[in-house]
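Each ligand, and each atom within it, is numbered from 1 in the order the structure gives. Residue numbers run from 1 in the order of the sequence given.
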Amino acid sequence: MKSLDTVADISRAVRSRETSAEDVLKGALDRARAAENEGLHAFLSLVDHGGPPVENPEVEDGSGGRNGALAGVPVAVKDNICTLELPTTCASRILEGYRSPYEATVIRRLREAGAQVLGKTNLDEFGMGSSTENSAFGPTMNPAAPGRVPGGSSGGSAAAVAAGVVPCALGSDTGGSVRQPAAFCGVVGLKPTYGRVSRYGLVAFASSLDQVGTFGATVADAAYLLEVVAGHDPRDATSASHTVPDLGARLEDGVGGRVIGIPREYLPDSLHPGVQARFDEARERFRAAGAEIREVSLPHTRYAVPAYYVLAPAEASSNLARYDGIRFGQRVPEARSTLQVYEGSRTRGFGPEVVRRIILGTFGLSAGYHDQYYGRAQKVRRLIARDFQEVWDQGIDLLFTPTAPTPAFPLGEKADDPVSMYLSDVFTVTANLAGIPALSQPIGSVEGLPVGGQLLAPAWHEGSLVAAAGALEASYLAEGGG
Ligand code: GLN
């Protein structure tokens with residue numbers, strides 16, 4: 001299937017009326033249906049063509065505002081972000097068919113910029129997982145690697161971009177859910193600084209870690225989408241008032257004179273040899289592009305996964321209490337008491353991984369264990385944030401690591417082994433714990449399987465990420481692909 005144009009090409013063509021937003025949407029729908037018929041299963045719902053009218057996509061705006069920046073651009077949206085036209089299910093039975101009475105701020109911003117939501121994408125139930133196999137509605141395939149998982153939890157969004165259905169998509173990243181699927185599918189995934197993008201209308205998993213992130217076929221596609229959805233929102237108390245940088249302007253800044261740190265803890269002996277090889281080559285490309293490379297240490301890295309898997313389930317156990325079969329969630333019809341409504345609805349509505357997280361999280365917060373688990377994990381979180389701060393204080397501008405320890409694994413391989421699934425997040429959870437921005441981009445492949453490299457930057461420095469990622473991408477393009 002032919003991959004489509006970039007975000008910049010589409011919006012330019014729609015604004016200049018070379019093509020219409022309607023035709024762009026129709027093309028994307030045709031591609032989506034064809035991919036779904038081939039078994040991709042990236043989408044849980046698609047807009048109906050001839051359905052809700054596209055709002056004001058052809059805005060001409062000379063004021064430098066947001067209007068028209070994404071004119072006509074079709075965007076796939078993870079199904080844990082609330083939309084009015086399409087259901088929001090979080091890939092959970094408990095929210096099957098659920099219609100949100102309001103839309104997320106990121107969706108409103110997309111519409112204001114002229115973008116069109118093409119459909120809602122598959123995910124691990126409530127964002128809990130690393131393979132999209134925990135979806136109640138069946139797994140998504142990896143378009144780049146048949147028989148392999150697309151990663152997760154935003155696997156549907158990554159797959160939709162990798163299959164060429166859309167040039168960009170929205171996901172959410174609590175512990176790596178944008179970056180790891182981007183790496184597995186061979187696309188770009190960008191998790192912004194905590195507070196950069198409003199979480200209003202993003203269904204909460206672990207509120208102190210959740211952040212909406214963007215996927216793109218290229219660095220530019222992911223950057224333009226982020227620019228539109230970012231910015232302060234009075235409806236999210238954790239959204240920051242920092243001005244949104246002009247990320248497009250940074251794409252060609254290069255890495256000349258930048259100091260890129262390579263943290264040794266992210267290159268363990270157990271790293272997949274193919275990932276190590278692609279990583280080494282990418283590092284040399286940064287050097288050739290003018291960056292100074294320095295080995296650094298983030299000594300508390302090995303505590304990140306255990307801390308994350310105490311904190312994220314603790315927050316989840318609290319956030320998911322609302323699915324009680326009364327206020328939210330499918331209700332079991334045969335219940336005879338309030339307790340039976342809770343018990344029956346939650347037992348039937350939640351899948352096994354969600355149940356595991358709720359039990360783990362409730363335990364970690366319970367009287368007598370709170371200090372030992374939740375309290376201690378909070379302390380580790382501070383140490384991890386301090387590790388990063390010390391590295392920035394040494395004059396390091398960016399860090400470069402592999403995104404995941406292996407390429408995409410076969411479907412079913414880790415499905416019955418939660419700990420080995422959790423370990424695929426070793427390199428990504430640290431950015432969420434520290435609240436810093438991070439980006440994954442393709443750095444070649446091993447036996448046909450895409451490999452991702454991750455850049456990390458100090459808080460609010462998404463522009464540095466885009467500049468460095470743009471330079472690396474250009475280095476691969478210069479030789480006709482990586
Ligand atoms: N894989 C991680 C988890 O299962 C991260 C998920 C996410 O970022 N939403 O919790």
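Interface of Gly176 with ligand 1, defined as ligand atoms under 4.0 Å from a residue heavy atom, comprises 8 (O). Of all atoms in ligand 1, numbered sequentially from 1 with element shown, those under 4.0 Å from a heavy atom of Gly129 are 1 (N), 2 (C), 3 (C), 4 (O), 6 (C). Numbered from 1 in the order shown, with element, the atoms of ligand 1 that lie under 4.0 Å from a heavy atom of Asp173 read 8 (O). Using a 4.0 Å cut-off to heavy atoms of Met128, the atoms of ligand 1 that qualify are 4 (O). Near Gly175, the atoms of ligand 1 lying under 4.0 angstrom from a non-hydrogen atom of the residue are 5 (C), 7 (C), 8 (O).
Minimum heavy-atom separation, Leu411 to Val149: CA-CG1, 3.8 Å. Nearest approach of Asn122 to Leu44, heavy atoms of both residues: OD1-CD2, 3.7 Å. Contact record, Asp246 with Arg250: O-CG, 3.6 Å, taken as the closest heavy-atom pair.
Where the criterion is an N or O separation shorter than 3.5 Å, residue side chain and backbone included, Gly127 meets it with respect to ligand 1. For the pair Phe205 and ligand 1, the shortest N or O to N or O distance does not fall below 3.5 Å. Distances between N or O atoms of Lys78 and those of ligand 1 include no value under 3.5 Å.
Heavy atoms of Tyr309 found under 4.0 angstrom from ligand 1 belong exclusively to the side chain. Here Ser153 has side-chain heavy atoms under 4.0 Å from ligand 1, and that is the only part of it that gets that close. At a heavy-atom distance under 4.0 Å, only side-chain atoms of Asp425, from C-beta outward, approach ligand 1. At a 4.0 Å heavy-atom cut-off, ligand 1 touches Tyr308 through the side chain alone. Contact annotation for Arg357 and ligand 1: only side-chain heavy atoms (C-beta onward) come within less than 4.0 Å of the ligand.
Each of Arg109, Arg111, Arg108 was evaluated against Glu103; a single residue qualifies, Arg111, per the salt bridge (charged side-chain N to carboxylate O under 4.0 Å, His left out) test. With Phe279 as the partner, the ring pair (Phe, Tyr, Trp, His ring centres under 6.0 Å) test is satisfied by one option alone out of Phe400, Phe286, Tyr266: Phe400.
Looking from atom 9 (N) of ligand 1 to the surrounding protein, the closest heavy atom is Ser177 OG, 2.7 Å.
You'll find the side chain of Val429 reaches within 4.5 Å of the side chain of Val305, heavy atoms only. Looking only at side-chain heavy atoms (C-beta outward), Val354 and Arg357 stay at 4.5 Å or farther from each other. Residues Phe137 and Glu96 are in side-chain contact: their nearest non-hydrogen atoms beyond the backbone lie under 4.5 Å apart.
Between the NZ atom of Lys120 and the CD atom of Glu85 there is a distance of 9.5 Å, given to the nearest 0.5 Å.
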